[in-house]
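Taking it in order: structure first as structure tokens, then the write-up.
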Amino acid sequence: MSLFFPASLASPLERGCFAFLLLITYSLLGWCGEMVYCSIGQRRLCEKRGFLNGPLCPIYGHGALVVLLVLDGGCEHPALTFLLGALLTSLVEYVTSYAMEKLFRMRWWDYSRYRFHINGRVCLLNSAIFGLASVFLCHAANPPIAARLSGLFAAGAGVPLALALGVLYGADIAISVRSAIRIGDRLAKLQAIHRELAEKLDALKAEQQRAAEAQRQRLEEAVSAARQSAGERAALARQSVQARLEPLADLGDEFALRLEEAKNEAQQKLHALYQCQDFFERRLLRSFPALRSLRHGEALARWREYLARRKK
């Protein structure tokens, strides 16, 4: 019997459903391991991990299937399983990171702070852990798990179970992809609002400087006239200077009011964008604390600050 496809599974449908159930099983176990690993590192129960909303991390499931398929259930010597398993799973992680970055224009995880990493996508520590997991998978976990799944097909429950889980899995992928796309769109809108506000502030400041310079020139002319005046004309000159000073003060108040209006307008737009985010978007942001936008990093940082204040 093949360690990947049991001999009892004759039809392509049964074999496909068997592979899918293996994918779901190891995605679930990978999610559990991820939660334990992150919780130990943070010394508390960490936020729900993974791209999907359900308790699955497909990258672990796909990595497990690649290892089982390429190594045909595992090498004869565990050391060779460790080396090849670490290489294969790291390749899966690297390709997944690259593909998700190109698809969503965001970096979902980054190992740059670890020693011996490759472009921040994979690192030696995780590769070693994946290698150990591959040894456990091939030489201990997969034979009994494959036997139990094979029993489901013998009882006639394997195909219906796989089809039902496939519907849920597909729906979760669709929701998660939509949320990731909406996060990217929302970040672009947030960045546009901040850029618009900055441009308005720069325009107001430039206009204020031009107006102030014009008033300053008029003031200098009035002061010059006052210096040339004497006697009873001095009082009239002082009144002229005072009359030119008052519009200058009014000018400052006007620009302060327009500046405050521009800020309030921007805040209202930002608040509306923050408020219309749904549960799935917030969950995705919490699941990837190291998420980094390649185009709108500042907007993402402000969004996280808003979520942190709201959480308090």
Side-chain angles (χ1 to χ4, degrees), residues 27 30-31 33-35 37-38 41-42 46-63 66 89-114 117-123 125-127 130 169-198 266 269-311:
S27 296
W31 179 84
E34 178 86 3
M35 289 292 293
Y37 177 77
C38 294
Q42 298 179 18
C46 69
E47 296 280 0
K48 190 247 174 232
R49 308 292 292 183
F51 183 76
L52 299 184
N53 296 287
L56 299 174
C57 280
I59 189 171
Y60 293 105
H62 285 92
V66 168
T89 51
S90 298
L91 180 61
V92 170
E93 185 177 34
Y94 192 98
V95 171
T96 303
S97 172
Y98 181 83
M100 291 182 69
E101 180 178 316
K102 293 301 180 182
L103 180 61
F104 301 111
R105 302 295 181 184
M106 289 184 282
R107 191 72 174 266
W108 295 85
W109 61 84
D110 192 351
Y111 300 133
S112 298
R113 67 183 185 279
Y114 292 94
H117 65 86
I118 302 178
N119 296 329
R121 304 185 190 278
V122 295
C123 66
L125 174 61
N126 282 12
S127 297
F130 293 155
Y169 185 65
D172 199 346
I173 290 177
I175 292 173
S176 300
V177 169
R178 184 205 64 170
S179 298
I181 293 174
R182 291 182 67 177
I183 286 176
D185 293 340
R186 199 177 303 281
L187 288 175
K189 293 178 181 178
L190 292 172
Q191 192 78 7
I193 292 174
H194 287 295
R195 187 183 305 112
E196 180 185 2
L197 176 60
K269 292 181 180 179
L270 290 171
H271 185 70
L273 273 177
Y274 288 143
Q275 288 297 318
C276 67
Q277 61 186 303
D278 59 23
F279 165 81
F280 300 106
E281 292 176 68
R282 293 193 296 271
R283 197 281 306 166
L284 203 55
L285 287 175
R286 292 194 301 268
S287 295
F288 290 90
L291 179 66
R292 179 164 51 90
S293 173
L294 303 183
R295 295 180 176 179
H296 313 296
E298 182 180 352
L300 179 58
R302 292 177 183 270
W303 191 357
R304 289 195 181 279
E305 290 175 1
Y306 169 82
L307 292 176
R309 291 195 303 269
R310 182 176 178 180
K311 189 175 181 180

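- Qualifying side chain to side chain contact (heavy atoms under 4.5 Å, CB included) partners for L103, counting only residues two or more places apart in sequence or in other chains: none.
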Exercise for review: Give the C-alpha distance, both sets of side-chain angles, the deciding distance and a yes or no for side chain to side chain contact (heavy atoms under 4.5 Å, CB included) between V66 and T89.
Suggested key: CA-CA 8 Å; V66 168; T89 51; over 6 Å; no
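- Atom CD in E101 sits 10.5 Å away from atom OG in S293 (nearest 0.5 Å).
- With sequence neighbours excluded, the residues satisfying side chain to side chain contact (heavy atoms under 4.5 Å, CB included) with S97 are R107, W109, R121.
- In terms of the side chain to side chain contact (heavy atoms under 4.5 Å, CB included) criterion, residue partners of E305 (sequence neighbours excluded) are, by chain and number, R309.
- Y274 meets the side chain to side chain contact (heavy atoms under 4.5 Å, CB included) test with L190, L270, Q277, R302, W303, Y306; sequence neighbours excluded.
- Every residue meeting the side chain to side chain donor-acceptor pair (under 3.5 Å) condition with E281, not counting sequence neighbours, appears here in chain and number order: R186.
- Atom CD1 of I118 and atom CG of L91 lie 10.0 Å apart (nearest 0.5 Å).
- Once rounded to the nearest 0.5 Å, the distance linking CZ of R105 with NE2 of H296 reads 10.5 Å.
- For the atom pair L285 CG and L307 CG, the distance stands at 6.0 Å (nearest 0.5 Å).
- Take Y94 and apply the ring-ring contact (aromatic ring centres under 6.0 Å, His included) test, not counting sequence neighbours, and it matches no residue.
- Distance check, rounded to the nearest 0.5 Å: OH of Y37 to CG of N126 gives 5.5 Å.
- Taking OH of Y111 as the reference point, atom CD of E93 lies at 4.0 Å (rounded to 0.5 Å).
- The side chain to side chain donor-acceptor pair (under 3.5 Å) search around R178 returns D278, not counting sequence neighbours.
- Of all heavy-atom pairs spanning W108 and M106, the tightest one is CD1-O, 3.3 Å.
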Table please: side-chain donor-acceptor pairs of residues 48-58 below 3.5 Å, with sequence neighbours left out.
unit_1: K48; atom_1: NZ; unit_2: L52; atom_2: O; d: 2.5
unit_1: K48; atom_1: NZ; unit_2: G54; atom_2: O; d: 3.0
unit_1: N53; atom_1: OD1; unit_2: R283; atom_2: NE; d: 3.2
unit_1: N53; atom_1: OD1; unit_2: R283; atom_2: NH2; d: 3.2
unit_1: N53; atom_1: ND2; unit_2: D172; atom_2: OD1; d: 3.0
unit_1: N53; atom_1: ND2; unit_2: S176; atom_2: OG; d: 3.3

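- Listed by chain and number, the residues in a salt bridge (Lys or Arg N to Asp or Glu O under 4.0 Å) with R304 amount to none (sequence neighbours excluded).
- Every pair passing salt bridge (Lys or Arg N to Asp or Glu O under 4.0 Å) that includes a residue from residues 287-297 is listed here, sequence neighbours excluded: D110-R292.
- Applying the salt bridge (Lys or Arg N to Asp or Glu O under 4.0 Å) rule to R286 yields the partners E47; only residues at least two apart in sequence or on another chain are considered.
- Listed by first and then second residue, the ring-ring contact (aromatic ring centres under 6.0 Å, His included) pairs that reach into residues 169-188 are F20-Y169, sequence neighbours excluded.
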